[in-house]
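Each remark here refers to the structure printed beneath this line.
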Amino acid sequence: MGDAVESFTLAADVVIRVTADPAAVAVAEYLAQLLRPGTGYQLPVASVDAAGAAGGIALLLDPDAGAGRESYRLDSTADRLTITAPAAAGLFYGVQTLRQLLPPAIEHQTPQPGPWVVAGGRIADAPRFAYRGAMLDVARHFFPVDEVLRVVDHIARYKLNHLHLHLTDDQGWRIAIDSWPRLGSVGGASQVGGGPGGYYTKADYTRIVEYAASRHITVVPEIDLPGHTHAALTAYGELSRDGVAPPPYDGTDVGFSAVDTASELTYAFVDDVLSEVAALTPGPYLHVGGDEAFTVPAADYAAFVDRVQRLVARTGKTIVAWHQFASTVHAPGRVLQYWGTTPLDAVVADAVRRGARVILSPGDRAYLDMKYTAETRLGKDWAGFVDVQSAYDWDPGSYLVDVPEEAVLGLEAPLWTETITSVGDAEYMMFPRLPAIAELGWSPASAYDWNAFRHRLAAQAPRWTAAGIAFHRSPEVPWPAVVPSPRRPGAAATANPAELPIPSVGR
Ligand code: TNX
């Protein structure tokens, strides 16, 4: 790779050719939309079967190509750039790699001079983990649909494939439920700091789900139970232990609330809510929280979990819960999300022996709401300060003692929003840690290399700036002194030529 003679140059008349398959054509249209603003080119999409020149860009489905539906191959030669994959998901990740191979100016929303050169060579690529996620807490502060879609685009850029939405908490209930309509209208009308809150209608939620699906991202909805339910109680006091609806809560304490686990009405409520959310959600997972139910006695908690696990099973979904579920009875297929800060958790290891799988979100590694340093204006510090090296320098596959890699479904970076009030704040906490977590999810452990990573990460900065993302300029990363402006026509054009083969960030 890197021989200038072999490079592919995106010319003004380039056509994107694609296998005649609806999902593949959608990826080709997505690629055209990515490239049109910065290049100013028309970039028509045509079938590979159509007559005409064979050059340009081709996205090809080939059932025999690659290793798994998310894998792809990218071949760059002087007259053709080809992405080949067994499924549309792989084509989509190949497109994200192509985007990284193009000059950063491609991220601008107005035409730039180019030239649009991709170094020649072949990349064969596939993810390490099946579950690569990010979480947005829309309960502590509400984020309108358009802002969630912007976050979806950020996570798509780094080949993450799940968006976990923390839809309910003490400070707000954010999803319309037809059978319990006051959850949205009353439970949604609050947030941390006393703002107006808000909630997603079913159409809003579906818009998020469909937009995410168009980026090969599965939405994982979370209804947090039995704690973190104060907002639900403001709407339906009969679900609480004293039967009285409390006033809304706009503080940031945790662990004080719970539904009445002894009441049959609670199970009718849980059944209705989970059924409606499951029906709206095409993805396989339903997250039911389970964290910090400090006011529920252990025996009551265990009995509640047993019933809720059965209710989720009836929806046909796979249950996900925070790792506090680990002590309770096993349910087939259940997934525990680990947010502890120590690799040693005998209860989780035991749950894994009984058949649970895990998603890794260690608080001191993967939590995007932890401050980078003591000076960080936003965030919390209960799990410590998490700058980029801490976020990057660990191995999800071998992190938990007595938990084999086969039990690790993947990892997720959660962004809790007690202190995050805008999408700009969210971006500041995500960048540059989100790409660090994404690389751990995608690349083989043999490719983890902090020193190489921080250089590739530095090269991403102009892309973020072009996309309007204000990021944390961590002193651990050798950022370019000045963010380069779009190159002069005819200037040398290379895409990280010295650094291939390299993992998901900054190919
Ligand atoms: C713990 S992590 C929580 C959340 C908070 C977060 C803040 C987890 C399952 N529960 O309720 O928002 O810490 O960092």
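Atoms within each ligand, like the ligands themselves, are counted from 1 in listed order. By convention here, the first residue in the shown sequence is residue 1.
- The pair Asp204-Arg174 fails the salt-bridge criterion, with no side-chain N (NZ, NE, NH1 or NH2) lying under 4.0 Å from an Asp/Glu carboxylate O.
- Within 4.0 Å of ligand 1, heavy atoms belong to protein residues Arg140, His228, Val254, Asp291, Glu292, Trp322, Trp339, Tyr367, Asp369, Met370, Lys380, Trp382, Trp416, Glu418.
- Aromatic pair Trp173/Tyr199: ring centres not closer than 6.0 Å.
- With hydrogens and angles disregarded, a donor-acceptor distance shorter than 3.5 Å links the side chain of Ser214 to the backbone of Tyr211.
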Verify salt bridge (Lys or Arg N to Asp or Glu O under 4.0 Å) between Lys380 and Glu418, making sure each step is shown before the conclusion.
CA-CA 9 Å; Lys380 300 196 161 207; Glu418 287 97 330; 3.5 Å; yes
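- Taking a cutoff of 4.0 Å between a charged side-chain nitrogen and a carboxylate oxygen, Asp170 and Arg140 do not qualify as a salt bridge.
- For Tyr72 and Phe92, the ring centers sit 6.0 Å or farther from each other.
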